[in-house]
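Because the structure is predicted, anything quoted here is derived from the model rather than measured.
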Amino acid sequence: MAKTGSARIERAAGHLIVQDRPRECDLLVVGGGINGTGIARDAAGRGLGVLLAEQDDLGAHTSSSSTKLVHGGLRYLEHYDFGLVRKSLAEREVLLRNAPHIVWPLRFLIPHDPSMRPVWMIRIGLFLYDHLARREILPGSETVDLRRHETGVPLKEHWRAGIMYSDGWVDDARLVVLNALDAHERGATVLCRTRCVRARRESVDWVAELQAADGRRITVRSRALINAAGPWAASFLCEAVHQQHVRPLRLVKGSHIVVRKLFEHPYAYIFQNPDKRIVFAIPFEGEFTLVGTTDVEIGGDPGEARISAAEVDYLCTMINRYFRRQISPADVVWSYSGVRPLLDDGADASSVTRDYKLELDAEGPPLLSVWGGKITTYRALAEEAVDMLARPLAIGQGGWTAAAPLPGGDLGTVVEASGDPMEDFERFCTLQGQRRPWLPAALVRRYARAYGTRMERMLGNAASLPQLGEEVLPGLYAAELEYLIRQEWAQTAEDILWRRSKLGLHLPADAGDRLTRWLQRRAAPAEGPRADVGGAPDLTR
């Protein structure tokens with residue numbers, strides 16, 4: 001349980017308030033990606049005093065730059081990674097139930113290419129995929145005649161047969177924020193743009209130095225340290241903890257492109273290619289198609305990773321093997337790259353395991369390092385991580401997150417639960433539209449997708465569009481911006497337009513500049529000091 005006494009860390013609107021020295025907590029989590037926020041949520045829910053420090057925005061790097069799938073990993077079966085697939089398939093169902101506003105089913109079509117993999121191999125793989133873990137929500141696989149099915153319409157005519165299966169889609173950046181929000185509401189302190197620059201063992205505690213973006217520093221004393229720094233996990237141990245022997249990580253860049261939509265139907269594609277890799281083509285934000293990913297091993301600072309011209313050409317070429325409509329680099333409207341920190345098992349970049357490893361150093365105050373992992377299994381990883389600390393931290397409560405909705409995911413409190421979370425979501429949207437006939441239908445659906453039941457908090461008592469405040473950008477009102485700043489740690493236009501939402505794809509080219517000017521006016525000193533959740537951490541008072 002959390003330490004008591006006069007020296008402690010307390011929260012106030014998401015800021016760090018220094019009461020005395022030294023400042024104390026049970027668990028210091030370094031890294032605000034999906035694994036770090038998931039661990040913070042699990043630990044806070046078990047009664048631990050948690051402080052999470054993220055050097056940038058929540059999910060600013062790998063965790064907002066995925067292919068945005070909650071999936072078992074069909075191709076992992078080729079590498080006999082049955083354990084990872086089974087675990088991922090089980091977690092897929094958990095996430096579909098606990099976050100039905102940001103996670104939803106998606107059907108995938110694999111056009112059959114006899115030169116790639118024989119059809120019997122694909123059918124066996126999909127049989128295993130359908131049955132390795134209990135499946136209650138998603139339908140199983142089936143054979144499809146592309147000459148008669150709508151998925152065949154955009155494909156070149158020689159693609160005549162395919163196999164369809166189910167997986168899930170997730171708004172990855174919002175998944176990170178919702179875990180941080182739940183952790184915060186359960187007592188955790190979440191500090192964005194705050195870097196852990198130094199950590200050392202001292203007696204029975206870790207003593208860590210945190211530095212905010214403006215240079216202010218504090219010292220934190222913690223009973224345990226979690227290294228969930230993702231691509232920076234190894235460098236954090238070397239540079240901040242000064243460990244000499246660190247597990248090698250392979251940093252693999254996965255890049256994606258977004259083009260105007262290549263098909264009208266709601267299905268996604270998984271394409272086999274001559275280099276034995278696969279590429280996805282996925283409906284994205286209504287008007288677009290998301291294409292990815294690549295696997296390029298890199299060195300240097302993971303934060304500087306960007307898509308290369310060669311990667312753009314590669315993705316265009318792979319897509320053009322299948323679709324009638326051909327694309328070129330000129331058709332790309334947006335691109336992004338994420339760096340996956342993978343365990344070095346000697347395999348090539350595309351086949352190296354996506355599983356995780358938790359490494360506990362209990363020589364003194366515990367240090368737990370998270371190596372690898374994938375979005376789908378983050379909750380199981382977090383539960384396992386906190387379980388590993390149960391003995392050294394005397395944690396009495398067991399895991400609890402498997403049946404706990406994420407913020408906004410408790411649709412059953414608003415509509416009668418049907419057993420089908422997707423049906424519940426549609427009923428929720430209908431109800432919200434009936435309650436607010438003044439709200440455009442497209443806006444109702446966007447709010448429901450982003451916030452779920454939390455849209456009630458965001459909208460407050462508004463009874464008309466003017467009561468949402470200034471329309472800062474088309475469809476983006478001051479009420480939503482205030483919510484994102486005060487409740488979801490948003491500070492910049494990029495935080496809002498590209499992570500808390502994907503509105504940047506839909507708005508004018510100057511939207512970022514216009515929103516930045518609005519944020520600057522809002523932060524003007526005329527109102528005096530603010531205490532917003534999204535503001536810079538208060539390290540001094």
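A distance of 10.5 Å separates NZ of Lys261 from CZ of Arg325, quoted to the nearest 0.5 Å. Rounding to the nearest 0.5 angstrom, the gap separating the CG atom in Leu468 from the CD atom in Glu471 is 9.5 Å. Between the CG atom in Leu181 and the CZ atom in Arg454 there is a gap of 5.0 Å [rounded to 0.5 Å]. Atom-to-atom distance recorded for His149:NE2 and His265:NE2 is 8.5 Å, nearest 0.5 angstrom. The CG atom of Leu497 sits 7.0 Å away from the CG atom of Leu476 when rounded to the nearest 0.5 Å. Once rounded to the nearest 0.5 Å, the distance linking CZ of Arg223 with CG of Asp26 reads 5.0 Å.
Taking the charged nitrogens against the carboxylate oxygens, Asp331 and Arg260 have no contact shorter than 4.0 Å, which rules out a salt bridge. With respect to the salt-bridge test (charged N to carboxylate O, under 4.0 angstrom), the residues Arg500 and Glu494 do not qualify. The pair Glu480-Arg446 meets the salt-bridge criterion, with a side-chain N (NZ, NE, NH1 or NH2) lying under 4.0 Å from an Asp/Glu carboxylate O.
Side-chain atoms of Thr67 and His256 include a donor-acceptor pair closer than 3.5 Å. Side-chain N/O atoms of Glu209 and Thr219 include no donor and acceptor closer than 3.5 Å.
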Next on the checklist: Would Gln55 and Arg193 count as a side chain to side chain contact (heavy atoms under 4.5 Å, CB included) here? Give the steps.
Outcome noted: CA-CA 4 Å; Gln55 64 179 351; Arg193 295 171 169 90; over 6 Å; no
Checklist entry - Given Asn35 and Tyr356, is the side-chain hydrogen bond (donor to acceptor under 3.5 Å, both in side chains) satisfied, shown in steps? => result CA-CA 10 Å; Asn35 291 332; Tyr356 60 82; over 6 Å; no
Item to check | Audit row: Glu91, Arg379, salt bridge (charged side-chain N to carboxylate O under 4.0 Å, His left out) steps and yes/no | outcome: CA-CA 8 Å; Glu91 286 301 303; Arg379 190 209 63 83; 2.9 Å; yes
Next on the checklist: Between Ile102 and Leu178, does the side chain to side chain contact (heavy atoms under 4.5 Å, CB included) criterion hold? Intermediate values first, please.
Outcome noted: CA-CA 10 Å; Ile102 62 166; Leu178 295 185; 3.7 Å; yes
Next on the checklist: For a salt bridge (charged side-chain N to carboxylate O under 4.0 Å, His left out) check, start with the C-alpha distance between Arg134 and Glu136, then their side-chain angles and the critical distance, and finish with the verdict.
Outcome noted: CA-CA 7 Å; Arg134 186 176 180 180; Glu136 296 180 341; 2.6 Å; yes
Next on the checklist: Quick one, Leu95 with Val170, criterion side chain to side chain contact (heavy atoms under 4.5 Å, CB included). Give me CA distance, side-chain angles, the key distance, then yes/no.
Outcome noted: CA-CA 9 Å; Leu95 289 174; Val170 61; over 6 Å; no
Item to check | Evaluation steps, salt bridge (charged side-chain N to carboxylate O under 4.0 Å, His left out), between Arg517 and Asp510 | outcome: CA-CA 11 Å; Arg517 289 193 293 271; Asp510 65 345; 5.4 Å; no
Checklist entry - Could you go step by step and tell me if Arg499 and Ser64 meet the side-chain hydrogen bond (donor to acceptor under 3.5 Å, both in side chains) rule? => result CA-CA 7 Å; Arg499 282 188 287 276; Ser64 62; 5.1 Å; no
Item to check | From CA spacing to verdict: side-chain hydrogen bond (donor to acceptor under 3.5 Å, both in side chains), Asp172, Ser63 | outcome: CA-CA 6 Å; Asp172 51 6; Ser63 295; over 6 Å; no
Next on the checklist: If you apply the rule side-chain hydrogen bond (donor to acceptor under 3.5 Å, both in side chains), what do you find for Arg195 with Gln211, and how did you get there?
Outcome noted: CA-CA 5 Å; Arg195 185 167 170 252; Gln211 178 174 301; over 6 Å; no
Checklist entry - After noting the C-alpha distance and the side-chain angles of Glu456 and Arg436, does the key distance pass the salt bridge (charged side-chain N to carboxylate O under 4.0 Å, His left out) rule? => result CA-CA 11 Å; Glu456 299 278 354; Arg436 297 178 176 85; 2.9 Å; yes
Item to check | Check against side chain to side chain contact (heavy atoms under 4.5 Å, CB included), Leu393 and Leu48 | outcome: CA-CA 9 Å; Leu393 297 188; Leu48 273 70; 3.7 Å; yes
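In this structure, the side chain of Thr377 does not engage the main chain of Ala380 through any donor-acceptor pair within 3.5 Å. A donor-acceptor pair under 3.5 Å is formed between the side chain of Ser166 and the backbone N or O of Pro139. No donor-acceptor pair closer than 3.5 Å links the side chain of Glu470 to the backbone N or O of Val472. In this structure, the side chain of Lys253 engages the main chain of Arg306 through a donor-acceptor pair within 3.5 Å. Remark: side-chain polar atoms of Thr516 are not paired, donor with acceptor, to backbone N or O of Arg514 under 3.5 angstrom. In this structure, Thr293 contributes its side chain and Ser255 its backbone to a donor-acceptor pair below 3.5 Å. Remark: side-chain polar atoms of Asp424 are paired, donor with acceptor, to backbone N or O of Ser418 under 3.5 angstrom. Of the possible polar contacts, one joining the Asp171 side chain to the Arg174 backbone as a donor-acceptor pair under 3.5 Å is found. Arg427 places no side-chain N or O within donor-acceptor distance of the main-chain N or O of Met422, the cut-off being under 3.5 Å. Judged by distance alone, the side chain of Trp400 and the main-chain N or O of Asp42 form a donor-acceptor pair under 3.5 Å.
For the pair Lys68 and Ile375, the minimum side-chain heavy-atom distance is 4.5 Å or more. You'll find the side chain of Leu459 stays beyond 4.5 Å of the side chain of Tyr483, heavy atoms only. Ile307 places a side-chain heavy atom less than 4.5 Å from the side chain of Ile257. Using a 4.5 Å heavy-atom cutoff, the side chains of Arg457 and Tyr451 are not in contact. Side chains of Tyr267 and Leu106 form no contact here, defined as non-hydrogen atoms less than 4.5 Å apart. Residues Tyr165 and Ile270 have side chains in contact (heavy-atom distance under 4.5 Å, counting atoms from C-beta outward). Between Tyr269 and Val279, every side-chain heavy-atom pair lies at or beyond the 4.5 Å cut-off. Annotation: side chain of Leu89 is not in contact with side chain of Arg135 (no heavy-atom distance under 4.5 Å).
Taking every heavy atom of both residues into account, Ile496 and Ala490 meet most closely at CG1-CB, 3.8 Å. Summarising the geometry of Gly399 relative to Asp387, their closest heavy-atom pair is N-OD1, 4.4 Å, with the distance given to 0.1 Å. Across every non-hydrogen atom of Leu96 and Pro105, the tightest pair is CD2-N, 3.9 Å. The heavy-atom pair separating Val177 from Trp489 by the smallest distance is O-CZ3, 4.2 Å. Of all non-hydrogen atoms in Tyr378 and Asn179, the two that sit nearest each other are OH-ND2, 3.0 Å.
In summary, the aromatic rings of His61 and Tyr336 are positioned with their centroids too far apart to meet the 6.0 Å limit.
Both tests hold for Arg449 against Phe425: distance to the six-membered ring centre under 6.0 Å, angle to the ring axis within 45°.
Under the 30°/60° scheme for interplanar angles, the aromatic rings of Phe280 and His71 are found to stand perpendicular. Between Phe288 and His506, the two ring planes are perpendicular [angle over 60°; tilted spans 30° to 60°].
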